[in-house]
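All of these numbers come straight from a predicted model, not from anything done at the bench. Sequence lines set the chain letters: A, B, ... in the order given, protein chains first and strands last, and positions in each chain run from 1.
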Amino acid sequence: MDTVTTLPVMMPAAAEIFLTVVGMVLLMAGVFRGEKMLKPLAWATVAAFILAAGLVIMYGGTGAAFFGLFVTEAFAQFAKILILLGSGFAILLSLGYLKSEKAGRFEYPVLILFATVGMMLMVSANDLMALYMGLEMQSLALYVIAAIRRDTLRSTEAGLKYFVLGALSSGMLLYGCSLIYGFTGTTSFEVLAQVFAADSTPSTGLIVGLVFLITGLAFKVSAVPFHMWTPDVYEGAPTPVTALFAVAPKVAALALFVRVMSEPFGDLLASWQQILVFLSIASMVFGALAAMVQTNIKRLMAYSSIGHMGYALVGLAAGNEAGITGVMIYLATYIFMNIGAFACILAMRRDGRLVEELSDLTGLSKTHPMMALALMIFMFSMAGIPPLAGFFGKWYVFLAAVEAGLFGLAVIGVLASVVGAFYYLRIVKLMYFDDAENPLDSKVAGDLRLILYGSAAVTLLFFLVISPIYDSARAAAASLIGA
Amino acid sequence: MVVQALVFYGLAFVAVASGVMVVVSRNPVHSVLFLILAFFNAAGLFVLMGAEFLAMILIVVYVGAVAVLFLFVVMMLDINFVELRQGFLRYLPIGTLIGLVLLAELILVVGGWTVAPEVPQALGTPIPPPNEVSNIDALGRLIYTRYVLLFQISGLVLLIAMIGAIVLTLRSRVGVKKQSIETQNARDPADVIKVIKVTRGGGV
């Protein structure tokens, strides 16, 4: 036997390896010490996320690990920082909830940690197989987290629905991958890119495979018409879990989408651009229209996130460097707005119980002036009103679409955002111009308030940091397209 | 060569025939048994292609685990399969129509199939010659070296599945009377046995 075994290069994956080891240690600590470990485990997970972010930043440049299955560059680093930020804030949001609802289980932070590792692996995947494994790792952990309140009907229903539709989308993605493999003979992104660079007239079978792959990914970012699961899962899952779903997995799936479309299939732009244009128009329009008739604020946030994914896909549909820059900036603003909005939802309590109807927000400006102000900032920002954070995300993706000559897409996008402003402004109207029938509890937990005001401040003052964020987003885009 | 062709046609015929029987047999237990027969024949086809490891895995995983699980489910759930099939004849025309449309689409797609000629050159990982190394050897060389990352992620996925199964199903029940051998052995007869003198005619 002449097989020479060498240890693979592992340094670029240091953050993922570190998080995995921490996850297993925390799991053991939880198993041996029991439920009372929930709080220390949650804080340890957040600390591990901060350290992992440090590792991601420290590694810096471009690198490949594990025989080219795993790559990292400025793009992956940008996305990973956003993912860690989203997951970390979701855990912080959960602490008060788990305690008050007596739903605390020590596996909760551990599962979020493993899901986060899966997301980071997705972002760094450089092979169709690595893509699938990362995706499956994050999805499986998220299915369990959605159903973590197994004694409530809605949580288990959300988990089951997410599982069944997620499994379906994984099946389609795998079918697409197998067709692509069959028609090119490789699963590696680099070799795929070489094959298409040499011959950019793809065969029918390959296009069919690509369509299936896009379908699977569109399921994960909940783009219309693959969005059916989103409102039910968002409504049924416990609120802090919904907050997690709205940020971290969306960032990971969209970053993966961007990587797959621009790296291996970058030369097939003509073949996939129209699909993405359709996905993004459908998501923007449907998200705006369907959100209008919602009465439950979690469902409203679900349609709002469908719409937001549509706007972000505008940048991807543009298919140029400016578009990817726009997507990254959009995701950065999206995270803060959503974390803040969900902190507001978690602060909506009456007689100690969580309420989640829009009508519960009436007269909030009189009972909770600061919270109403913060929620107003988030709503204006989501509607895309300058100079708030959300405006910049929309500005850069539409700019990229115009640059790429997709005028129709940009015009429809702007119109959809005007329509979408209606339901965001309706919340502001409820808070400021309607009278409260029975006001919400006046006491809001301290940590929740901190996250709320912090993200409101970031959203409000985003224009101060826009130039460094723009620079790093552009470096991220350049590292992906230039490579 | 002739023998090989004969064996192939034999296995393929039985596989397809038992596949049909899975769908049409009245008794669901018979369906599962035909499914197992189909798996065995597919495994035989794999052996014919020189993929002996895949054949064994197919039997171990599908027959040993999946099909037996099906059998359990079929036997335990009280589903009236005859009732389920009642609309069979009524829906036959529309089913056939959809099947024909799908067939037409498949023919259209396959008709336009062009297999890229550069496929063999782009192969990411060359397959070692099957007459030099066995399947398991070849797979092992790849899984534990080049694809070690994927192998480890699979392990993590299984770990998450295990955590999930425990989180979603394990309940620590209170008030269940369990035997505790330590407590039983530690009991001192002097504490728990009392000798009572019973007078004749009186109760305890």
Measure distances from A:Leu27 to the heavy atoms of chain B and classify the residue's part below 4.5 Å as side chain, backbone, both or neither. side chain
Flag side-chain contact, heavy atom, 4.5 Å: A:Met129 against B:Ile153: no
For A:Asp151 and B:Arg171 the tightest heavy-atom approach is OD1-NH1, 3.2 Å
Non-hydrogen atoms of chain B under 4.5 Å away: do they reach the side chain of A:Leu111, the backbone, both or neither? side chain
Could you give the distance from CG (B:Leu150) to CZ (A:Phe67), rounded to the nearest 0.5 Å? 11.5 Å
Is it true that atom CD1 of B:Ile94 has more than 12 heavy atoms of other residues, nucleotides or ligands lying nearer than 6.0 Å? no
Can you establish whether the number of heavy atoms outside A:Arg154 located under 6.0 Å from its atom CZ is more than 12? yes
Got a sec: does the CE of A:Met11 have more than 12 other heavy atoms crowding it under 6.0 Å? no
Using non-hydrogen atoms and a 4.5 Å limit, figure out which bit of A:Thr156 sits close to chain B: side chain, backbone, both or neither. neither
Heavy-atom proximity to chain A below 4.5 Å, by part of B:Val148: side chain
For A:Phe163, does the CZ atom sit with more than 12 other heavy atoms under 6.0 Å from it, leaving out its own atoms? no
Given a strict heavy-atom distance threshold of 4.5 Å, which part of B:Thr169 is in contact with chain A: side chain, backbone, both, or neither? backbone
Turns out that what part of A:Leu121 lies under 4.5 Å from chain B's heavy atoms comes down to side chain
Interatomic distance, CG@B:Leu159 vs CZ@A:Phe114, rounded to 0.5 Å, equals 5.0 Å
Considering all heavy atoms of both residues, which atom of A:Arg150 and which atom of B:Val167 are nearest to each other, and what is their separation? NH1-O, 2.8 Å
Going through the checks in order, is the side chain to side chain contact (heavy atoms under 4.5 Å, CB included) test met by B:Gln152 and A:Ile17? CA-CA 11 Å; B:Gln152 291 298 329; A:Ile17 296 171; over 6 Å; no
Distance col, row B:Leu156:CG vs A:Glu16:CD, nearest 0.5 angstrom, shows 11.5 Å
Should the heavy atoms of other residues, nucleotides or ligands under 6.0 Å from OH of A:Tyr175 be counted, would the total exceed 12? no
Go through the atoms of A:Met24 and report whether side chain, backbone, both or neither lie under 4.5 Å from a heavy atom of chain B. side chain
Are there over 12 heavy-atom neighbours, none belonging to B:Arg187, within less than 6.0 Å of that residue's CZ? no
Do B:Leu149 and A:Pro8 touch side chain to side chain, with heavy atoms closer than 4.5 Å? no
A:Phe106 atom CZ: more than 12 heavy-atom contacts under 6.0 Å: yes
